[in-house]
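Take a look at the structure below.
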Number of protein chains: 2
Amino acid sequence: MTTSRSTQSVRAVTLERPTSTAARDAIADGLEREALVTVFGRCTVDYEGRASSQLAAGDRHVMLKPDGAALVHTDEGQQPVNWQPPGCAHDVFCEPTRSEAESDDFDKSEKAKDAAEADADGGGSVADPNADAALLVLESTRSTPEERLLVRFQDVLQVSTFAGTDEGELTLSGTEADLRERILENPDLLESGFTPLATERDTPAGAIDIYGEDDAGNTVVVELKRRRVGPDAVSQLRRYVDALERDLHADATLRGILVAPSVTERAQRLLGEHGLEFVSLEPTGE
Amino acid sequence: MTTSRSTQSVRAVTLERPTSTAARDAIADGLEREALVTVFGRCTVDYEGRASSQLAAGDRHVMLKPDGAALVHTDEGQQPVNWQPPGCAHDVFCEPTRSEAESDDFDKSEKAKDAAEADADGGGSVADPNADAALLVLESTRSTPEERLLVRFQDVLQVSTFAGTDEGELTLSGTEADLRERILENPDLLESGFTPLATERDTPAGAIDIYGEDDAGNTVVVELKRRRVGPDAVSQLRRYVDALERDLHADATLRGILVAPSVTERAQRLLGEHGLEFVSLEPTGE
DNA sequence: TACTTGATCTCGAGA
DNA sequence: TCTCGAGGTCAAGTA
């Protein structure tokens with residue numbers, strides 16, 4: 001096993017196949033320094049909170065971020081198999097293996113954690129004599145809502161800590177906001193004679209993307225979507241048109257226009273049934 | 001720089017502060033072996049596809065999965081700042097630095113990639129003589145839709161490849177499916193005398209979660225949500241009730257019931273306006 | 001493939 | 001803090 005630990009200016013520290021206690025110390029150090037911590041190894045994962053889940057043992061990549069986020073990734077999928085949102089408190093400790101004590105639930109882990117912390121208080125960073133008989137455990141918790149993620153490693157292949165900086169800003173185009181700007185700059189794209197009067201106009205059912213009137217003076221409710229739309233977008237538009245009709249309790253004709261690159265067939269039919277219209281437009285022009 | 005590369009049975013390979021070409025070779029090897037590959041370093045990220053984005057230089061953690069997924073994580077947030085879904089083709093190559101050739105866009109990178117591949121074809125794994133003047137570049141692309149992610153590293157702190165196995169299955173409870181089962185097993189939870197007749201009953205507006213009748217013989221449309229609901233859920237329920245009314249074109253009373261742990265005030269009002277009902281239920285009992 | 005909807009959705013803006 | 005809607009949403013089930 002080799003490391004490149006030397007000074008605080010080291011931006012990346014890596015341990016390969018560390019003992020549980022060495023892993024624990026390196027991770028604790030990384031969390032302390034507000035570094036990004038990664039652990040790869042065979043582990044089980046338990047979650048309890050908004051829902052609850054259990055995951056049997058397998059090789060996974062765990063990332064602990066300094067903002068409190070935790071991510072558990074398998075070798076498949078874009079989404080983590082388990083996670084915890086930013087704002088959590090990360091904790092790391094060692095607990096006895098099952099051969100010594102069955103620890104299959106949260107309560108047992110709580111006891112083990114208390115013991116580990118008591119030990120750490122007393123013994124400093126002295127290596128645990130039972131190092132090889134200890135499991136590395138990562139825990140991320142938060143309140144509101146009360147949630148807890150527990151990752152128990154049977155085997156740790158690698159621990160890394162990364163101290164980085166990132167001031168880079170992301171610029172994104174092709175969003176619904178771009179579609180809105182495009183129409184506001186050239187209202188004729190929607191329909192000749194259209195006049196936007198407000199964006200985000202509030203109704204009892206929510207905010208209308210663009211509120212305006214056509215060249216005949218009819219009120220127009222416009223709902224924008226950056227991509228092909230289904231029935232949900234039609235419902236949304238209908239809800240706003242409905243609310244505005246009640247709100248204005250006027251007899252003036254009220255038009256609802258859905259603006260998107262395209263519509264599904266079912267959505268098209270729903271639009272017709274409710275007297276709503278569709279205009280094909282993409283978020284960005286060529 | 002140290003590594004623990006030795007045999008194919010090594011499950012994790014790590015390079016610290018590698019040269020661009022060493023990083024390229026290790027990553028190419030990892031991709032070839034269908035390992036999970038991670039790279040940490042200072043990089044810029046460009047995306048073009050369903051939308052388009054640019055991200056200025058910063059320290060980030062990049063993960064390439066053997067299923068084709070790519071993730072770029074900063075030190076903040078649960079979500080990756082950039083990504084690519086499973087099914088993409090990953091590629092790695094070196095391109096000249098800007099001091100030699102301005103390479104600020106996709107076209108230039110394409111040329112550099114072609115050159116790099118031509119070089120690889122001819123020279124095998126021989127180290128590039130301009131290793132220090134080369135940037136490591138990761139590229140993930142797919143079609144339908146055409147999308148491309150390009151990560152250019154100015155500096156690579158660590159490259160790792162992980163060969164793991166994961167047959168562990170996730171069991172999750174507290175979902176909408178659990179709420180449905182709970183009601184089907186004990187329909188009185190919804191209301192005394194309720195009889196479920198079908199789940200996922202199709203209408204022209206979509207599928208109804210639970211379709212049934214009350215003890216008076218009225219048709220009941222039930223929409224389930226695992227958590228507190230807003231106006232969107234009310235719209236959804238209304239859409240189904242509406243569609244069923246048209247579908248059955250009957251005069252029989254049709255009831256719509258939204259089942260969720262709780263409801264927002266605005267949604268509550270909308271329910272009332274449309275003659276819909278609410279029943280408070282959680283996905284799991286105590 | 002495309003469609004439809006759930007999700008421990010996440011995230012940001014606004015009240 | 002809660003509400004509300006967008007998202008390069010993702011992922012699963014279905015036709």
Side-chain angles (χ1 to χ4, degrees), chain A residues 45 47-53 69-72 76-87 142 144-149 170 172-180 200 202-203 205-209 223-233 235-236 239-240 262-267 283, chain B residues 47-53 69-71 76-87 142 144-149 170 172-180 200 202-203 205-209 223-233 235-236 239-240 262-267 283:
Chain A
V45 188
Y47 160 76
E48 184 88 40
R50 287 169 289 174
S52 75
S53 72
L71 302 166
V72 183
E76 289 186 332
Q78 176 176 336
Q79 297 303 124
V81 64
N82 277 109
W83 69 91
Q84 203 68 297
R142 69 162 177 168
T144 56
E146 199 73 38
E147 286 189 304
R148 188 177 189 204
L149 182 72
L170 182 75
L172 178 67
S173 65
T175 65
E176 183 180 302
D178 292 316
L179 176 56
R180 182 180 63 238
E200 301 296 309
D202 212 45
T203 76
I208 295 170
D209 283 341
E223 174 61 29
L224 309 173
K225 294 296 173 190
R226 67 169 300 280
R227 63 174 192 174
R228 183 172 174 86
V229 292
D232 54 335
S235 289
Q236 194 180 346
R239 174 153 50 92
Y240 297 152
S262 60
V263 248
T264 66
E265 198 182 346
R266 191 177 261 176
Chain B
Y47 160 76
E48 184 86 41
R50 285 170 289 174
S52 76
S53 72
L71 301 165
E76 288 188 331
Q78 175 177 337
Q79 296 303 122
V81 65
N82 276 110
W83 69 93
Q84 203 70 295
R142 69 161 177 168
T144 57
E146 198 74 37
E147 287 188 303
R148 190 177 187 202
L149 182 71
L170 182 76
L172 178 68
S173 65
T175 66
E176 183 180 303
D178 292 316
L179 176 55
R180 183 181 61 237
E200 301 296 309
D202 212 44
T203 76
I208 295 169
D209 283 341
E223 174 61 30
L224 308 173
K225 295 294 173 192
R226 68 168 300 279
R227 63 173 195 174
R228 183 170 172 86
V229 293
D232 55 335
S235 289
Q236 194 179 350
R239 176 153 50 92
Y240 298 152
S262 60
V263 65
T264 66
E265 197 182 347
R266 192 177 259 176

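Note on naming: letters A, B, ... go to the chains in the order of the sequence lines (proteins, then strands), and numbering restarts at 1 for each one. In what follows, every heavy atom counts, from backbone to side chain, and hydrogens, waters and symmetry copies are set aside. On a predicted model such as this, the values are computed, not experimentally measured, just so you know.
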Listed range with range, the stems formed with DNA chain C by at least 3 consecutive Watson-Crick or G-U pairs (under 3.5 Å) are C:1-7 with D:9-15, C:9-15 with D:1-7
Do any N or O atoms from the side chain of R226(A) and from the backbone of R50(B) form a donor-acceptor pair under 3.5 angstrom? yes
With a 4.0 Å cut-off on heavy atoms, is P231(A) in touch with a base, just the backbone sugar-phosphate, or nothing at all? sugar-phosphate
Is there a donor and acceptor pair, one atom on the side chain of Q84(B) and one on the base of dG8(D), closer than 3.5 Å? yes
Quote, to the nearest angstrom, the P distance that separates dC4(D) from dG8(D). 23 Å
Can you identify which nucleotide, out of dT5(C), dG5(D), dT10(C), has its nearest atom closest to the R239(A) side chain? dG5(D)
Relative to the 5' end of DNA chain C, which residue comes earlier, D232(A) or V81(A), by the nucleotide with the nearest heavy atom? D232(A)
Separation between CZ of R239(B) and CD of E223(B), rounded to the nearest 0.5 Å: 9.0 Å
Pairing of E48(B) and R148(B) as salt bridge, 4.0 angstrom limit: no
Please tell me which of the listed nucleotides, dT5(C), dC3(C), dT8(C), lies nearest to the side chain of T264(A)? dC3(C)
Closest nucleotide among dC10(D), dA6(D), dT5(C) to the E176(A) side chain: dA6(D)
Candidates dT8(C), dA7(C), dC3(C) - which lies nearest the side chain of R228(A): dC3(C)
By nearest-nucleotide position on DNA chain C, the 5'-leaning member of V263(A) and N82(A) is V263(A)
Among dT9(D), dT5(C), dT10(C), which nucleotide sits nearest the side chain of R50(B)? dT9(D)
